Amino acid sequence: MRISIPITRGIESLFGTRDENIRVLESGLGIRATLRNDNLEIEGEEPGVRRAEEILSDYQQLVQEGIVFTNGSLNSYFRVATGDISINFRALVQSARQRSFGKKMLAPKSINQQRYFEAIERNDLVFGIGPAGTGKTYLAVALAVSALLNKRVSRIILTRPAVEAGERLGFLPGTLQEKVDPYLRPLYDALYDMIEPDKVEKLLERSTIEVAPLAFMRGRTLNDSFIILDEAQNCTPEQMKMVLTRQGFNSKTVVTGDLTQIDLPNARRSGLLEASEVLRGIDGISFVYFDDQDVVRHCLVQRIVKAYERYQEQAQERQLCLKLNVPAEPAETQPGE
């Protein structure tokens, strides 16, 4: 089946850098798109062509209504809309409304990011679990900044375990704070991205914003606070229980982590993994799981995440076959590999 769709406005953002947005439609819907004289010719099986027509029609109407798409946001919307045919493209864009977080304007770029936003606003304890680049920490810091600036909390507590990622850095120079700051740098980066640097420094001096290693949390009761535990996969079960029981009145806790990047020594069990089993189903606690479709960094990051997931699945299959003494099936070759 072949149809022709006139593209009157927004042609640059529609195609994106090196046509990457159109390639998302092509790969996701099994179609081929060609631009001819301001008309986009869509060719393929009828279901894919009809779905592309729906998405592009909504896109055209939104552009005419004054909606401006960045290259990254449109790419994310196309990935979501091609991955789930039940999602209306217009409704997806409108639900992912931009909001102000300090000096930054942000909007969820995937269905799971939207669920994450809603879960944090609705629950007092939220776990965001998934691979690198899905916005788990960044969005949590954004919501914490929003809560602080709107006086819903009186302080922000940012913490993470000081565990080295497969390296041994030895003794670091400086004061205790200077020794632990390198481990907490991603949290500082997110703060400086949303609040003016001089204001961040003043908030840090007054302890309105506190960035500290996990060990500093023991024995405290954190009232009227927005608490973020980052890199939680590197917490032991004892540390996880300790930090979760610090939460006081009018406080909210967000726990983020990636279960594929556990750096605990001596093969210790991850506290995040245990918490996801122990706390499931408890009222007021929400778990949001991200996957490679939620990656909002460079498009290569999504492919890298998917490749590692595929490799780990194949490794687990080989180990199981060795235990059962059964020959393993040869790995499927992916297109382009």
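Only a predicted model underlies this, so the values are computations on that prediction, with no experimental measurement involved.
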Y59 and Y77: aromatic ring centres closer than 6.0 Å?
no

What do the steps show when you test R269 against E277 for salt bridge (Lys or Arg N to Asp or Glu O under 4.0 Å), and what is the final call?
CA-CA 12 Å; R269 181 172 170 79; E277 298 169 357; 2.5 Å; yes

State, with a plain yes or no, whether a side-chain heavy atom of F290 is found less than 4.5 Å away from one of Q113.
yes

Enter the distance from R155:CZ to L222:CG here, rounded to the nearest 0.5 Å.
5.5 Å

First locate atom CD of Q239, then atom CG of L272, and finally report the distance between them rounded to the nearest 0.5 Å.
12.5 Å

Checking the side chain of E41 only, and the main-chain atoms of R32 only, is there a donor and an acceptor separated by less than 3.5 Å?
no

Aromatic contact between F127 and Y289, with the criterion being ring centroids under 6.0 Å apart: yes or no?
no

Determine, for K136 against E231, whether the closest basic-nitrogen to carboxylate-oxygen distance falls under 4.0 angstrom.
no

For residues 190-209, which residue pairs pass the salt bridge (Lys or Arg N to Asp or Glu O under 4.0 Å) check, not counting sequence neighbours?
K104-D193

Does one hydrophobic cluster hold both I42 and I85, with members joined at side-chain heavy-atom distances below 4.5 Å?
no

So do the side chains of V254 and I227 get within less than 4.5 Å of each other, counting heavy atoms only?
no

Mind checking the CE-CE spacing from M240 to M242? Nearest 0.5 Å is all I need.
10.0 Å

Report yes or no: does S146 contribute a side-chain atom to a donor-acceptor pair with the main-chain N or O of A144 at less than 3.5 Å?
no

